[in-house]
Protein chains: 2
Amino acid sequence: MRNQPQKKQHHHGNLREALITAGVGLLNEGGLSALTLRKCAARAGVSHAAPAYHFKGLNGLLTAIAARGYQALAETMIEEREAAATDPHACLVAICNGYLRFAQENEALFDLMFSAKELCYDDPELQRESALARQVLHEGCAPFKHGSAGNEGTEIMIWALVHGFAGILRKRRVRPDHHPANNIRFEDILPHLECV
Amino acid sequence: MRNQPQKKQHHHGNLREALITAGVGLLNEGGLSALTLRKCAARAGVSHAAPAYHFKGLNGLLTAIAARGYQALAETMIEEREAAATDPHACLVAICNGYLRFAQENEALFDLMFSAKELCYDDPELQRESALARQVLHEGCAPFKHGSAGNEGTEIMIWALVHGFAGILRKRRVRPDHHPANNIRFEDILPHLECV
DNA sequence: CAATAAACTTGACGATGTCAAGATAGGCGT
DNA sequence: ACGCCTATCTTGACATCGTCAAGTTTATTG
């Protein structure tokens with residue numbers, strides 16, 4: 001067993017990371033259907049069955065890549081928040097725009113994270129990263145309350161709104177013209193929120 | 001070529017419909033990954049390559065089933081609307097609850113309709129049925145306008161909200177306890193809408 | 001009744017996920 | 001220094017899948 005996790009070892013040396021990188025690359029280039037255990041293996045220069053050792057199977061690899069996706073999603077949201085003004089409303093809008101930017105810049109990865117593919121939802125890494133991403137949204141929502149709903153309802157409302165809007169924008173790629181959400185920014189559909 | 005589209009003919013007689021029915025059944029029983037050309041063929045009692053003749057391939061079958069899904073979605077929304085009070089706000093809430101009920105009662109079908117699977121989006125049947133479903137939502141939104149957004153923005157907002165909420169509720173199946181949206185109804189997150 | 005086209009069947013191919021068994025190399029105790 | 005042990009891959013096989021080409025059967029039509 002390796003003592004130093006980043007130490008180069010045996011045949012490949014840190015193959016797990018190389019397989020995830022290969023997977024993200026395949027995802028960006030060919031979409032969700034191009035993400036394959038065997039193609040990942042080929043891209044990393046190992047045999048076709050090597051990934052099954054590091055991940056519990058295809059679902060394991062997908063889960064690891066999805067966890068990476070949640071990490072990147074959180075980073076994008078934080079990045080937008082830092083670049084925004086400091087008042088709570090601008091922060092929340094910035095966080096949501098980060099969410100939307102991530103969804104559009106990493107379409108296949110976003111698909112993987114929220115697709116019907118059965119990931120290993122009990123994977124601790126996936127749970128940690130997705131919880132971290134949700135934490136960013138949670139913090140952004142904290143200063144607000146929303147009409148009829150309690151404080152928790154506000155977060156659900158924002159979450160549903162931004163996630164649903166991301167899904168709508170995703171379909172714009174198919175038929176870019178005459179798309180109903182063409183000239184609509186997130187700020188336009190964000191309802192009024194009262195400070196708590 | 002058949003003259004009467006519903007006439008019994010040749011070997012099976014109206015195999016196209018039987019394949020769609022078989023596909024919906026597989027979807028309900030085993031989820032999206034169980035929906036397979038060969039299994040549909042077996043369930044309909046024909047050879048493994050028969051579906052490729054009626055549909056342009058797997059995508060064609062998925063598209064036909066998704067179109068059926070939009071049809072059922074519209075029916076569910078209309079059903080809820082009819083059972084509701086007649087004032088516009090109750091109608092809109094009922095329509096959205098129909099959307100959510102459909103998403104929860106037909107999980108795999110909903111997955112197919114909004115998954116990353118590449119459907120034949122130019123298929124006229126799919127376009128017609130999805131447009132009809134959107135029309136129901138459109139009518140429900142028509143009496144309202146939403147704060148900053150125009151009349152079109154209202155519809156996008158409701159659409160995003162209900163679709164996003166459906167996605168959140170979908171994940172509740174994975175870990176039913178401690179789910180943030182457990183005791184939240186759609187009415188709780190629906191923002192205030194002004195009559196136009 | 002024969003020709004023609006529609007509606008399948010049969011067989012094959014390559015790609016994929018998964019598993020079992022084997023090979024290999026690096027580290028550790030002695 | 002030497003041999004073992006285990007983590008890390010490789011090799012080979014299998015079942016399933018979508019797709020295509022070619023053949024077969026049935027219905028319609030002239």
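All figures in this text were calculated on a predicted structure; none of them were measured in a lab. The chains referred to below are lettered A, B, ... by the order of the sequence lines, with proteins before strands, and numbering in each begins at 1.
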Q: Rounded to whole Å, please give me the gap between CG in Leu26(A) and C1' in dA15(C).
A: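 From Leu26(A) CG to dA15(C) C1': 14 Å.
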
Q: Measuring from Leu169(A):CG to Phe186(A):CZ, what's the distance to the nearest 0.5 Å?
A: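 Leu169(A) atom CG to Phe186(A) atom CZ measures 10.5 Å (nearest 0.5 Å).
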
Q: Determine the contact category for Ala49(A): base if any of its heavy atoms lies under 4.0 Å from a base atom, sugar-phosphate if only primed atoms, P, OP1 or OP2 are that close, otherwise nothing.
A: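 Answer is base: heavy atoms of Ala49(A) come under 4.0 Å of a base.
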
Q: CD of Glu152(A) to CG of Asp188(B): how many Å apart, nearest 0.5 Å?
A: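 The CG atom of Asp188(B) is 11.0 Å from CD of Glu152(A), to the nearest 0.5 Å.
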
Q: OP1, OP2 of dT16(D) versus side-chain N and O of Lys39(B): anything below 4.0 Å?
A: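 Result: no.
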
Q: Measure the shortest side-chain to side-chain distance between Tyr121(B) and Gln127(B) over non-hydrogen atoms and say whether it is less than 4.5 angstrom.
A: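 Result no, sub-4.5 Å side-chain heavy-atom pair not found.
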
Q: So, OP1 or OP2 of dC8(C): does either fall under 4.0 Å of a side-chain N or O from His54(B)?
A: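 Yes.
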
Q: May I have the distance from Leu15(A) (atom CG) to dA25(C) (atom C1'), rounded to whole angstrom?
A: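 After rounding, the reported distance stands at 15 Å.
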
Q: Any side-chain N or O of Tyr53(B) less than 4.0 Å from the OP1 or OP2 oxygen of dA7(C)?
A: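 Yes, such a contact exists.
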
Q: Could you state the atom-to-atom distance from NZ of Lys56(A) to P of dC19(C) in whole Å?
A: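 One finds 12 Å between P of dC19(C) and NZ of Lys56(A), rounded.
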
Q: Measure CG/Asn59(B) against C1'/dC20(D) and give the value in whole Å, please.
A: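 Those two atoms, CG and C1', are 16 Å apart.
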
Q: For Leu58(A) and dG17(C), give me the distance from atom CG to atom P, rounded to whole Å.
A: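 It works out to 5 Å between those atoms.
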
Q: I need the CG-P distance between Leu37(A) and dT10(D), as an integer number of Å.
A: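 Spelled out: CG on Leu37(A) to P on dT10(D) is 14 Å.
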
Q: Taking for each residue the nucleotide of DNA chain D with the nearest heavy atom, is it His48(B) or Ser47(A) whose nucleotide lies nearer the 5' end?
A: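 Looking at DNA chain D, the more 5' nearest nucleotide goes with Ser47(A).
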
Q: Are side-chain heavy atoms of Arg185(B) and Asn97(B) found at a separation under 4.5 Å?
A: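 Not in contact.
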
Q: Using whole Å, what does the distance between atom C1' of nucleotide dT19(D) and atom CZ of Phe55(B) come to?
A: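 Interatomic distance, CZ of Phe55(B) to C1' of dT19(D): 16 Å.
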
Q: Just how far, in rounded Å, is P of dT9(C) from CG of Leu19(B)?
A: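 My rounded result for the distance is 10 Å.
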
